[in-house]
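Written below as structure tokens is the structure these notes are about.
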Amino acid sequence: MASTEPAPPSRLRAWMLEGLSDISKSKGRQLPKPTEPAPAHKGQRWWRVMCLTGVDYFSTLGYQPGIAALAAGLLSPVATVVLVIVTLAGALPVYRRVAEESPHGEGSIAMLERLLSFWKGKLFVLTLLGFAATDFLITITLSAADASTHLVENPHLNSALHDKQMLITLFLVALLGAVFLKGFLEAIGVAVVLVGIYLGLNVVVAAAGVWEVATHEHLVSDWTTALTAEHGNVLAMIGVSLLVFPKLALGLSGFETGVAVMPHVEGDPADTEEKPAGRIRGAKKLLTTSAVIMSVFLIVTSFITTVLIPEKEFQPGGQANGRALAYLAHEYLGNAFGTVYDVSTICILWFAGASAMAGLLNLMPRYLPRYGMAPHWARAVRPMVIVFILIAFLVTWIFDADVDKQGGAYATGVLVLISSAAIAVTIAARKARQKHWTVLFAVISAVFLYTTVVNIIERPDGVKIGTCFIAGIILVSLLSRLARAFELRVTSMSMDDMAERFVRDIASRRMRFVANEPDKRDIAEYREKIEQIRADHDLPAHEDFVFLEVTVGDPSEFESVMNVRGEVLHGRYRVLTLESASIPNALAALLLHVRDTTGGIPHIYFEWTEGNPFTNFLRFFLFGQGEVAPVTREVLREAEPDRARRPKVHVG
């Protein structure tokens, strides 16, 4: 806000903070005017963005058939059909509704945020962000670990790499970070190539498996005979499949990232940020197409792996453990094709973290900086990439790059987010008075809540890890909020005609403002306030004043748009009224705006706040009011280092 321009940043700093826009740090400039309507949305075709989410979703083919075989045994195809039904009839309708209700990438978290206000709403969002961080970060580390497993278990490389899995996993995580440091468009381009090759190779493997089963009829009869002997009848099979379904929940992992990357979907030319109809339509195509493709692959691959692979090979140490389709590729298409398949699987598993990283980079900066719960540089992509990669290093080291150890945390994060999405769309349908949708979404919510609870009971490590992420986010958020408490925190300011007239009039002489906490707003309140100010500061009777009155809206918000309204009360008292999340920050922003528009130095007069200073500071931190006079002065001091140009604060 000062007239002196800050020193130009170094090339490294400029590169790291490229694209950063933080109004509260805009020293040397006036507060911006209200933002213009957003231009038409630019982005990528929906099928290209689908490939970015698909590197996470489709890559689960690398381990999902093996997980299903371990969990359900001979029932794996039946249990997978249950998973597909839940996917197409449950998760897909839920997230199509999420895409419609929250098209800016915040997902179901934004929908639930609207239900709660003030600090309880912020803490609720931080909790969901903790589970989202668990989901996305474990996606990065688990996928990299599984990619290194495929590399280490390759017959040609096993002897040379059998003890190098940790180093390989860390290298793959670092390489993923390097791609995002280069640029997001490069990430989408890489994803399109990887997904196209991987799905093509899986078609070949699936076709070879189906052909093998079709030409050896005894395989199916042997399987059905064993299945009937083990489980008796169809109802028993369905019942057991429902019981083991929570263990297959990793097959639902792509939906949250699908809506998280929605801002990158190309919209129609007429789209605006308020009504991005084209983007919503593209996102629905993305979700539906990926779900259908994955469902077909899951059913086919679970069937052929169960029928063709001996049960002992799925066990830990077996050749098909965590790599069932790779086993079939080597067994029926030869080691040359199998190695090509291994390379493709390794690449897509490594890059599966890309969709998770894209989700993190879209989700976290939308909430934490807006809450004041992240440093101002958290809006820039590259510093956040470095932070997330360092955390991924730590998680990889803690879990020793072991896929099985991370599976519980991954499933917990996925299921909590899907359950929250189901609850959010149920509430949205109820508010819209859509009875049939409300009932349907309520049933879906019950299914996902049941699955989440069962998963937590069976694998409590997921909740423990999620709790650690939640505690870390809340702690860092509160410390950041405390460190940024004295920023201006006003993103834009506008004044109505009456307010501008008051400022122009008072600018012709010494500008004196009086901070007033509105009470009854009767004539006695303003008369007594002026008399008190004149007595405390020994001001002559002819001095003119303009009152400033701030109404605190939601004090848990950090940034705010400020609209200043002027009015004349009781025929003589001029009052500027405004609403903000914090009284001191709003007053400081208004004073600097007046200084910049008039060229004069305004004076503001306060009375001391009674009570314990520490208690009053907590009132300011939590509720936006309390120790108003000294905090206003501190905000001005941080915003304007030049004392000669700083608005004057008087306290009596």
Side-chain angles (χ1 to χ4, degrees), residues 53 56-57 60 83 86-87 90-99 101-116 123-143 245-246 248-262 283 286-287 290-291 352-353 355-364 366-368 388 406-428 441 444-456 459 462-470 473:
T53 63
D56 172 22
Y57 195 23
T60 57
L83 172 65
V86 173
T87 298
L92 180 58
V94 164
Y95 277 95
R96 283 175 61 91
R97 182 64 176 257
V98 171
E101 297 280 345
S102 181
H104 304 299
E106 302 99 325
S108 58
I109 296 178
M111 298 173 65
L112 292 171
E113 181 190 25
R114 302 179 195 129
L115 303 178
L116 297 172
L123 292 175
F124 179 71
V125 168
L126 292 178
T127 300
L128 289 181
L129 287 177
F131 282 111
T134 303
D135 177 11
F136 293 148
L137 280 167
I138 297 295
T139 297
I140 294 172
T141 58
L142 183 145
S143 299
F245 166 70
L248 278 62
L250 292 183
L252 298 167
S253 63
F255 286 99
E256 192 67 30
T257 50
V259 293
V261 299
M262 271 189 70
L286 180 160
L287 294 167
S290 59
S355 62
M357 180 68 78
L360 282 169
L361 294 174
N362 183 69
L363 197 61
M364 296 298 179
R366 286 183 177 272
Y367 289 98
L368 297 184
F388 294 141
Q406 300 177 66
Y410 187 26
T412 299
V414 169
L415 288 171
V416 168
L417 291 178
I418 292 180
S419 299
S420 68
I423 293 171
V425 298
T426 302
I427 295 171
F441 288 137
I444 295 173
S445 299
V447 171
F448 284 124
L449 286 173
Y450 155 77
T451 307
T452 304
V453 171
V454 171
N455 182 78
I456 290 172
R459 295 184 283 184
V463 172
K464 295 176 183 177
I465 297 165
T467 302
C468 291
F469 276 110
I470 292 167
I473 286 177

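Quick caveat: nothing in here was measured; it's all calculated off a predicted structure. For reference, positions follow the sequence shown, starting with 1. Values reported hereafter were calculated over all heavy atoms of this structure, with side chains retained and with hydrogens, waters and symmetry mates removed.
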Closest approach of Met262 to Pro103 (non-hydrogen atoms, all atoms of both residues): CE-CA, 3.5 Å
Nearest atoms (heavy-atom pairs only) where Thr452 meets Ser419: OG1-OG, 2.9 Å
Considering all heavy atoms, the nearest Phe448-Ala422 contact: CD1-CB, 4.3 Å
Mutual orientation of the aromatic rings belonging to Tyr57 and Phe255 [parallel < 30°, tilted 30-60°, perpendicular > 60°]: tilted
Ile109 side chain reached by Leu129 side chain, heavy atoms, under 4.5 Å: yes
Gap between atom CG of Leu142 and atom OG1 of Thr60 - 0.5 Å precision: 11.0 Å
4.5 Å side-chain heavy-atom contact, Val425 and Glu101: no
Minimum-distance pair of heavy atoms, taken over all atoms of Leu128 and Ser420: CD2-CB, 4.1 Å
Heavy-atom side-chain contact between Ile423 and Leu449 under 4.5 Å: yes
Spacing of Leu92 atom CG and Arg97 atom CZ [to the nearest 0.5 Å]: 14.0 Å
Heavy-atom pair with the smallest gap, counting every atom of Tyr95 and Leu287: O-CD1, 3.4 Å
Ser102 (side chain) donor-acceptor with Ala99 (main chain) under 3.5 angstrom: no
Any Thr53 side-chain heavy atom under 4.5 Å of Leu286 side chain: yes
